[in-house]
Amino acid sequence: TGKYTADFTLPTVNTEIIDDTVFLALLTDTLGEDIGPNNLTPSVSGSLSVKEFAPFGPSGGLPTIPYDPSVHGGSGLFLGLGDRISTTESLGSGDFTVELWAYTLTAGDDAFFDTRTSGASRSTGLTFTAIDSDTVRIFDSSARLTIDGISYLNQWVHFAVVRSSGVIKIYVNGVSQGSASVTNNYSDTDFVIGDSKGYGDTDAYISDFRLIKGTALYTADFTPPTT
């Protein structure tokens, strides 16, 4: 199913719980707390810290409204060296949406998230990585979709990896950057944010990380806020 099937404006407050939400980590004042309906208990590793830095409000350069952690949240600062949030969840065989806001500091084949249970290439798990300064990619047992020529370092960017009826798309700030036919059953349940068993760990602020199973939340381009 699809919730948004035409252009719309990204919200200017924290991501909300909607139907089929499995995991939602706002990364505001409690690292890794799942406020989704399943109340999962993620594991936090490394030296993660919460920062008053978010895509909403003056610090993110989006709508000019006073920063208030209770309303606009913050972000988790991942600086490698094992910084990660992990939980036991799969993407499954149907529609899904994984979305997040990220302020990426460096890129060197570093994972925003990875669901594979080992570092080997696996058709049963998926990873989304920052390859270099203008390239991101999704990968399972091979490169499924590589997006080149995008600007995303040192700025807040909204990413969404969406599968709808066997087609995966990567959206960057609401614009589809490409698609690939992928019908794999992603049954691996080692879901990790900010790290990977096969790639590097990310150097980034991450906020409003949401996983939805059973729903392709975005099926058309959407317009991020500009004021």
Side-chain angles (χ1 to χ4, degrees), residues 15 21-27 31-34 36 38 40-46 48 55 75-92 95-131 135-141 143-147 152 156-163 168-172 177 180 182 184 186-213 215-218:
T15 303
T21 297
V22 172
F23 178 74
L24 174 57
L26 297 180
L27 302 174
L31 278 170
E33 179 182 12
D34 176 24
N38 295 328
L40 301 176
T41 306
S43 172
V44 178
S45 304
L48 278 171
S75 58
L77 177 57
F78 296 74
L79 287 176
L81 301 176
D83 292 354
R84 59 161 56 191
I85 297 174
S86 56
T87 189
T88 54
E89 188 55 66
S90 70
L91 295 176
D95 292 356
F96 63 77
T97 303
V98 183
E99 65 177 324
L100 65 148
W101 285 93
Y103 190 104
T104 310
L105 302 173
T106 62
D109 213 1
D110 303 323
F112 292 112
F113 71 84
D114 192 352
T115 74
R116 298 171 302 168
T117 58
S118 71
S121 297
R122 294 175 61 86
S123 63
T124 51
L126 186 70
T127 184
F128 177 48
T129 57
I131 301 298
T135 306
V136 296
R137 180 177 69 183
I138 55 173
F139 189 99
D140 49 36
S141 57
R144 290 293 189 169
L145 182 59
T146 301
I147 306 301
Y152 70 96
W156 279 110
V157 173
H158 182 269
F159 292 108
V161 178
V162 183
R163 178 159 69 181
I168 291 184
K169 293 183 178 180
I170 297 175
Y171 293 88
V172 179
Q177 301 295 321
V182 183
N184 295 34
Y186 291 128
S187 57
D188 285 2
T189 58
D190 191 2
F191 200 110
V192 177
I193 301 170
D195 200 357
S196 168
K197 288 185 171 64
Y199 295 94
D201 36 23
T202 192
D203 292 322
Y205 297 87
I206 294 178
S207 184
D208 288 47
F209 190 102
R210 178 165 62 177
L211 164 63
I212 303 168
K213 287 178 65 176
T215 296
L217 188 58
Y218 310 114

Discussion item. Quick one, D114 with S196, criterion side chain to side chain donor-acceptor pair (under 3.5 Å). Give me CA distance, side-chain angles, the key distance, then yes/no.
Written reply: CA-CA 6 Å; D114 192 352; S196 168; 2.6 Å; yes
Discussion item. Tell me if a side-chain donor or acceptor on T97 pairs with a main-chain N or O of L217 at a distance below 3.5 Å.
Written reply: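 Checking the backbone N and O of L217 against the side chain of T97, a donor-acceptor pair under 3.5 Å is found.
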Contact between [X] and [Y] at the side-chain level, heavy atoms closer than 4.5 Å - yes or no?
| X | Y | answer |
| --- | --- | --- |
| R210 | I212 | yes |
| Y103 | S207 | no |
| H158 | L100 | no |
| F159 | V136 | yes |
| V161 | F96 | yes |
| L91 | V98 | yes |
| R116 | F139 | yes |
| I168 | I138 | yes |

Minimum heavy-atom distance between [X] and [Y], given as atom pair plus value:
| X | Y | value |
| --- | --- | --- |
| T115 | G125 | OG1-CA, 3.3 Å |
| D195 | D83 | CB-O, 3.9 Å |
| F191 | E89 | CB-O, 3.6 Å |
| A204 | T104 | CB-CA, 3.8 Å |
| S86 | V192 | CB-CG2, 3.9 Å |
| F128 | I170 | CE1-CD1, 4.2 Å |

Could you measure the distance from the [atom1] atom of [X] to the [atom2] atom of [Y]? Nearest 0.5 Å is fine.
| X | Y | atom1 | atom2 | result |
| --- | --- | --- | --- | --- |
| F112 | T202 | CZ | OG1 | 5.0 Å |
| S90 | L126 | OG | CG | 12.0 Å |
| T129 | F113 | OG1 | CZ | 9.5 Å |

Practice prompt. Test side chain to side chain donor-acceptor pair (under 3.5 Å) on Y171 and E99 and set out the steps.
Written response: CA-CA 9 Å; Y171 293 88; E99 65 177 324; over 6 Å; no
Worksheet entry | Note: R137-D109 ion pair, threshold 4.0 Å (strictly below) |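 Yes, charged N to carboxylate O under 4.0 Å.
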Practice prompt. Scan R122, R144, R163 and name whichever one has a side-chain hydrogen bond (donor to acceptor under 3.5 Å, both in side chains) with N184.
Written response: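 One option only clears the test, and that one is R144.
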Worksheet item: Just checking, any donor-acceptor pair under 3.5 angstrom between side chains of T106 and D203?
Response: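 Yes, because at least one side-chain N or O of T106 sits under 3.5 Å from a partner of the opposite role on D203.
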Practice prompt. Decide side chain to side chain donor-acceptor pair (under 3.5 Å) for T124 and D188; before the verdict, give the C-alpha distance in whole Å, the side-chain angles of both, and the deciding distance to 0.1 Å.
Written response: CA-CA 6 Å; T124 51; D188 285 2; 2.9 Å; yes
